[in-house]
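Below is one structure, written out as structure tokens; the observations come after it.
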Amino acid sequence: MSSESHVAGHGAEPSFRQHHFINAEQQFDTSKLGMWLFLATEILMFGGLFVGYGLMQSVYPEAWVAGHHHLDRIMGAVNTVFLLCSSFTMVMAVHAASQSEKAKTVRYLLGTLVFAAGFLVIKYFEYSHKFHDGLLPGTHFSYHGGGPPQQAMFFGFYFAMTGLHGFHVVVGMALITWIMLRAMRGEFSSAYYTPVDLVGLYWHLVDLIWIYLFPLLYLVS
Amino acid sequence: MNWLREWMMPLQASEHAAKVDNLYVFILLLTSAFFVLIVYLTVLFAWKYKRRKEGVLTINFQHNLALELVWSIIPLMIVIGIFFWSFNDYAAANVAPNDALEIHVTGKKWNWTFEYPDGTRSIRSLHVPVNKPIRLIMTSEDVLHAFFIPALRIKQDVIPGRYVDLNFTATVAGKHQVFCAEYCGRDHSGMLGDLFVDSPAKYAEWLEKGDEELYKMKPADLGKMVWEMKGCNSCHTIDGSKGEGPSFKGLFGRTEKFKDGSTAVADENYIRESILNPQAKVVAGYEPVMPTFQGLLREIEIKGVIAYIKELK
Amino acid sequence: MADTVATPKAHGHGEHHDVDYLHDGSLLSWMTTVDHKKLGVMYLWSVLFMFFLGGVFALLIRMELFSSDPSKAMMDAQTYNKVFTLHGAIMVFLFIIPSIPAALGNFVLPIMLGAKDVAFPRLNLASFWVYVTGALIAVTAMVTGGVDTGWTFYTPYSTTTDGSVALMTFAAFVLGFSSILTGVNFIATVHKLRAPGMGWFKMPLFVWGMYATAIIQVLATPVLAITLLLLIMERTFGVGVFDPKLGGDPVLFQHFFWFYSHPAVYIMILPGMAIISEVIPTMSQKTFFGYKATAFSSVAIAIVSFVVWGHHMFTSGQSQLAGAIFSFLTFLVGIPSAIKVFNWITTMYKGSISLEAPMLYALMFLILFGIGGLTGLFLGAMSVDIHLHDTYFVVAHFHYVMMGSTAIAFLAGLHYWWPKMFGRMYNESAARIAAVLVFIGFNTTFLPQFLLGSRGMPRRYYNYLPEFTFLHQVSTVGSWILALGFIIMAGYLFASLRKKFDAPANPWHGRSLEWQIASPPITHNFHEVPVVTAEPYDYYRPFEPSVKGHH
């Protein structure tokens, strides 16, 4: 049965199929499963940080409230909008790729890149403002405006969480650039657009994590 | 089963220790029975069904509900039983009566310090009256340590920035070993202590005077003992090599140069001051890390240390 | 037999499909190979080297402990602390965790499923090089100051001590990613690359064990990664999450650490159980007793293992209630292990048992795992654990589980699949002598340590009270016997590699797919995709091969 389908697949060999898969569908399903597993590890990794953040917040609520007053809600909110928009353009890019619409795919990917870059620019201004005020993690904390000393720990978490997230944004931008170049070369079609789909999943995760980070860090009550 | 317990466990110095040992011996006998069963069946089958002919087909035996239920449910019942037994003993040991004698314990690399209700302090030796409930209130000044008294079968991690309790009632008078059981760096294995369980009268006398042997010893021998017992040896060597603090060898009569540039000859008063107020004069090239021994050493012990240093030419 | 060879175009590397994989491609091509077999072999040599290195440190520890007289010390306390830390860190992160899954699993798992490779071959290659990178970072940490924290990196000691702690932690962090990649690969392979007819309950139990292991690798390792990242930040920026001086909580580190590291204990033991579940039915030529119970118990252990971490912390000052819950769950997780032992023994009943080297190791496993598992009952019982915690009793217990069980199972697997991997048979008599020496040496080393521990000897001690001397000396002598066993083993294994291929395709008369292809296998494992009809262990009826196209 399967050796039949194997031989059949063998006649019209699609160039993207790797040798150890029986057919393209199996390859696609496998890649997708692998990606979901990877996303699970990402969520657990950030989960560890969230748990630590939450526990310490319950020990030092005042420091957390004092710390979050130094964060710029407007900038955070704008960044949230940027990432939501970028997720939308990403969905459109995946859809366009699945319809073999090359020009549209490239355009939407470019849009995603622009939003992501906008996010990083705003993050840069936020960070440099914190650096300037001495709102730094742990023993480097040198803010003179007073408040509970554990603000130093709050900023430890702030930089760890947003830093790790920012690293994921940078990696995401590199991946998007890579699939955009491949899309320009016309490598994707309705028959094969797995990389676009997988990068899309990854990008939604990056967006999702920010959706949690924003209220946790910026909207402490 | 007494011989078994005595062979495997340290001396029993409390009722709790006896309870722990009872459960220990119970689990030991139980697991030994299971172990003998496992080994017996393994060896029996390996020998009885050893391959004698190649290529034979064997029976198809994949399930036996009764057998599987038996070997799932019996172990389950047994472990649940052990759980309740052990938890009972554990919970009982953690309750301190209201009249417990409270002693503060501080762990610091690599010494134990004890502070009694009347303000007396001791290093490395903990004195308690026999048959009296004791509550140790413990903390650490640097890293994690663990206070472990095998004879009482108790152990508790000592955590910086937090107080933790350890309760016991010692019923056997004498000297019992204390260990640090949580790894804490270079001299972890030297972070020992002694628990002295005394009669109430002897305990009261000790609070008053300190150990009577002190008064019978030659001063320099007493000084050497203090150097070992109170942890001077973790920083001050006696062979001239450099430690965390200056070596005792050749110290007496030497002119010491201090951090602030001043100098002084190391005489009796200098040594006394360095023990009681170590930050007053810090020798150049060393960090001001020595703790004060105010209240920790009796007058006779300070004299002993001075005599000992005099001897180390 | 029709010899239709599947000739895909996209594999590259210019491999010839009928050539055995060992001779396919230049030596240099091994560096970039995506063949799961070559990667398995490269992992094998790497973990064996790490086992050797960790073993040298173990011998040094035992040598130092031969005498309690400071004037006879081989090394100073600080060096000793570094040596036991490196022994632990190397054995855990560089040997045991990758040993069975990454070396033997990589080689065998795809073949057992009838696949040509794992789901993501390039990820597999990446995983290997990430492992090598992690190992290099660890070695750098060793030579630039060393690490003296113990492999558990407990705070605040680890955040305050000198040495290359941050670098060593980073090495563990990197090695974690290698482990995650292997886990992701195995789960995807098991789900998606099973050959036609290979239903879930036709998979060999080795695959079930690897699957359960992979679940833990994927779900627990990220938490370790973030914990280690926080520790690195703590050391470099002084964030203070674990530092009481800055308002942090040092015990929180232990919770985070054991949330990973207790499941990691099962990352270490489940693969061992998986090998035994393979070796016993084959060497006994018997159907497996309780196949489904064993398969499900692996997954059950994997899940319950996530909620027992607190039993490492009965003396740490966690609440009584938390302690009670962890103790109870710990007892429960013991039950599936007990069931497995009974299943293995019953599988031997009325079998046709060969006592060749793989089976000798499997029998050793049953006895040593028996001791390791049963002594766990002492440690699960809270009141008794308070006395035994952080003593040599614990050291002996986990060596019976980690070395006596996992490493012995690894040796069982190594002897079982060696002919398949390298196409050569080793000298059986030498193998039996080595096995006996390992068994005697291991027990001589570690049995006395139970007694040391119950008598109160704390672990990680550079020096000890004179009353413990005799038992320490017996233990040290045991370590020499153990070393002798391993030297003989290295001798006959290397000697076998100098021979021409002489291994039959199926030396143990096994029925899973790896025994139905050539020894050593061809590059793509199978000439044709196999169609599986038989059960993996149906030794009660005549053999019907699933693989066509082989001689």
Side-chain angles (χ1 to χ4, degrees), chain B residues 8-10 19-20 23-24 27 31 34-35 38-39 41-42 45-46 49-51 56-63 68 71-72 75-76 79-80 82-83 86-87 89-91 93-94 143-144 146 148 150 153-157 159-162 164 179 181-190, chain C residues 77-78 81 150 154 156-157 160-161 244 250-251 285-287 289-291 293 315-317 320 324 327-328 331 334-335 338-339 341-342 345 348-355 363 366-367 370-371 374 377-378 381-384 386-387 389-390 451 454-456 458 460-463 539-541:
Chain B
M8 300 194 84
M9 292 297 234
K19 285 196 211 165
V20 170
L23 180 54
Y24 181 92
I27 300 178
T31 52
F34 269 99
F35 180 64
I38 291 171
V39 175
L41 291 176
T42 305
F45 291 170
Y49 304 115
K50 191 171 180 305
R51 191 174 300 170
V56 290
L57 296 178
T58 49
I59 58 164
N60 180 16
F61 181 44
Q62 299 195 38
H63 294 288
E68 291 179 85
W71 73 41
S72 308
L76 186 67
V79 296
I80 289 177
I82 295 176
F83 165 75
S86 73
F87 181 70
D89 290 351
Y90 169 81
N94 275 331
V143 298
L144 296 176
F148 175 31
R153 316 285 188 270
I154 54 171
K155 184 183 287 128
Q156 172 63 49
D157 285 11
I159 303 161
R162 189 189 292 186
V164 288
F179 291 109
E182 183 66 66
Y183 173 71
C184 59
R186 194 186 73 208
D187 285 346
H188 170 53
S189 65
Chain C
Q78 204 56 19
N81 294 342
Y154 270 19
Y157 187 77
T160 50
T161 181
V251 181
Q285 295 287 297
K286 232 334 260 313
T287 49
F289 184 89
Y291 173 96
T315 68
S316 73
Q320 265 193 41
S327 166
F328 188 73
F331 279 123
I335 299 301
I339 294 174
V341 171
F342 293 128
I345 293 176
M348 290 163 61
Y349 173 69
K350 290 199 171 174
S352 167
I353 300 172
S354 151
L355 293 178
L363 296 177
L366 287 179
I367 293 171
I371 297 179
L374 289 168
L377 287 184
F378 293 86
M382 296 177 85
S383 59
V384 180
I386 299 290
H387 176 61
H389 180 75
D390 271 337
L451 205 48
S454 67
R455 288 180 182 177
R460 294 175 170 176
Y461 261 36
Y462 164 67
N463 218 332
Y539 293 103
Y540 61 94
R541 58 181 175 197

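The figures here come from the full heavy-atom set of this structure, side chains too, leaving out hydrogens, waters and symmetry mates. Below, chains carry the letters A, B, ... as their sequence lines are ordered, and counting in each starts from 1.
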Report which part of [X] has an atom under 4.5 Å of a heavy atom belonging to chain B: side chain, backbone, both, or neither.
X         : answer
Pro250(C) : side chain
Ile335(C) : side chain
Tyr157(C) : both
Thr161(C) : neither
Leu355(C) : side chain
Val384(C) : both

His188(B)/Tyr462(C) aromatic ring centres below 6.0 Å: no

Donor-acceptor side-chain pairing of Asn463(C) and Ser189(B) below 3.5 angstrom: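 The criterion, which ignores hydrogens and geometry beyond distance, is not satisfied for Ser189(B) and Asn463(C).
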
Looking at chain B, which one of [options] has the largest number of heavy-atom pairs inside 4.5 Å, strictly under?
options                                    : answer
Ala77(C), Ser316(C), Gly370(C)             : Ser316(C)
Lys286(C), Lys350(C), Gln320(C), Gln285(C) : Lys350(C)
Pro156(C), Gly150(C), Ser327(C), Gly290(C) : Pro156(C)
Ala338(C), Ser454(C), Gly456(C), Gly334(C) : Ser454(C)

Which atoms of [X] approach chain C - backbone, side chain, both or neither, heavy atom under 4.5 Å:
X         : value
Ala46(B)  : both
Phe148(B) : side chain
Ile27(B)  : both
Gln156(B) : both

Quick one: pull up [atom1] in [X] and [atom2] in [Y] and give me the separation to the nearest 0.5 Å.
X         : Y         : atom1 : atom2 : result
Phe83(B)  : Phe331(C) : CZ    : CZ    : 8.0 Å
Asn94(B)  : Ser383(C) : CG    : OG    : 10.5 Å
Ile367(C) : Thr42(B)  : CD1   : OG1   : 6.0 Å
Phe35(B)  : Ile371(C) : CZ    : CD1   : 3.5 Å

Phe45(B) and Tyr349(C) aromatic ring geometry - parallel, tilted or perpendicular at 30°/60° bounds: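 Tyr349(C) vs Phe45(B) ring planes: tilted.
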
Parallel, tilted or perpendicular: rings of Phe289(C) and His63(B) (30°, 60°):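 Tilted: the ring planes of His63(B) and Phe289(C) meet at 30° to 60°.
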
Steps toward side chain to side chain contact (heavy atoms under 4.5 Å, CB included) verdict (Val79(B), Leu377(C)): CA-CA 8 Å; Val79(B) 296; Leu377(C) 287 184; 3.7 Å; yes

Any donor-acceptor pair under 3.5 Å from Arg153(B) side chain to His387(C) backbone: no

Sidechain-backbone polar pair: Lys155(B) side chain, His389(C) backbone, donor-acceptor under 3.5 Å: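 Pair found, side chain donor or acceptor close to backbone of His389(C).
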
Arg162(B) and Val251(C): CA distance, side-chain angles, deciding distance, side chain to side chain contact (heavy atoms under 4.5 Å, CB included) verdict: CA-CA 11 Å; Arg162(B) 189 189 292 186; Val251(C) 181; 3.9 Å; yes

Residue list, side-chain contact (heavy atoms from CB on, under 4.5 Å) with Asp390(C), at least two apart or on another chain: Ala181(B), Glu182(B), Arg459(C)

Close side-chain approach of Thr287(C) to Thr58(B), heavy-atom, < 4.5 Å: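 Not in contact.
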
Min side-chain heavy-atom separation Tyr461(C)-Phe179(B) under 4.5 Å: yes

Non-neighbouring partners of Arg186(B) that pass salt bridge (charged side-chain N to carboxylate O under 4.0 Å, His left out), sequence neighbours left out: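 For Arg186(B), no residue satisfies salt bridge (charged side-chain N to carboxylate O under 4.0 Å, His left out) once neighbours in sequence are set aside.
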
Candidate pair Tyr154(C) and Leu144(B), rule side chain to side chain contact (heavy atoms under 4.5 Å, CB included), full reasoning: CA-CA 8 Å; Tyr154(C) 270 19; Leu144(B) 296 176; 3.8 Å; yes

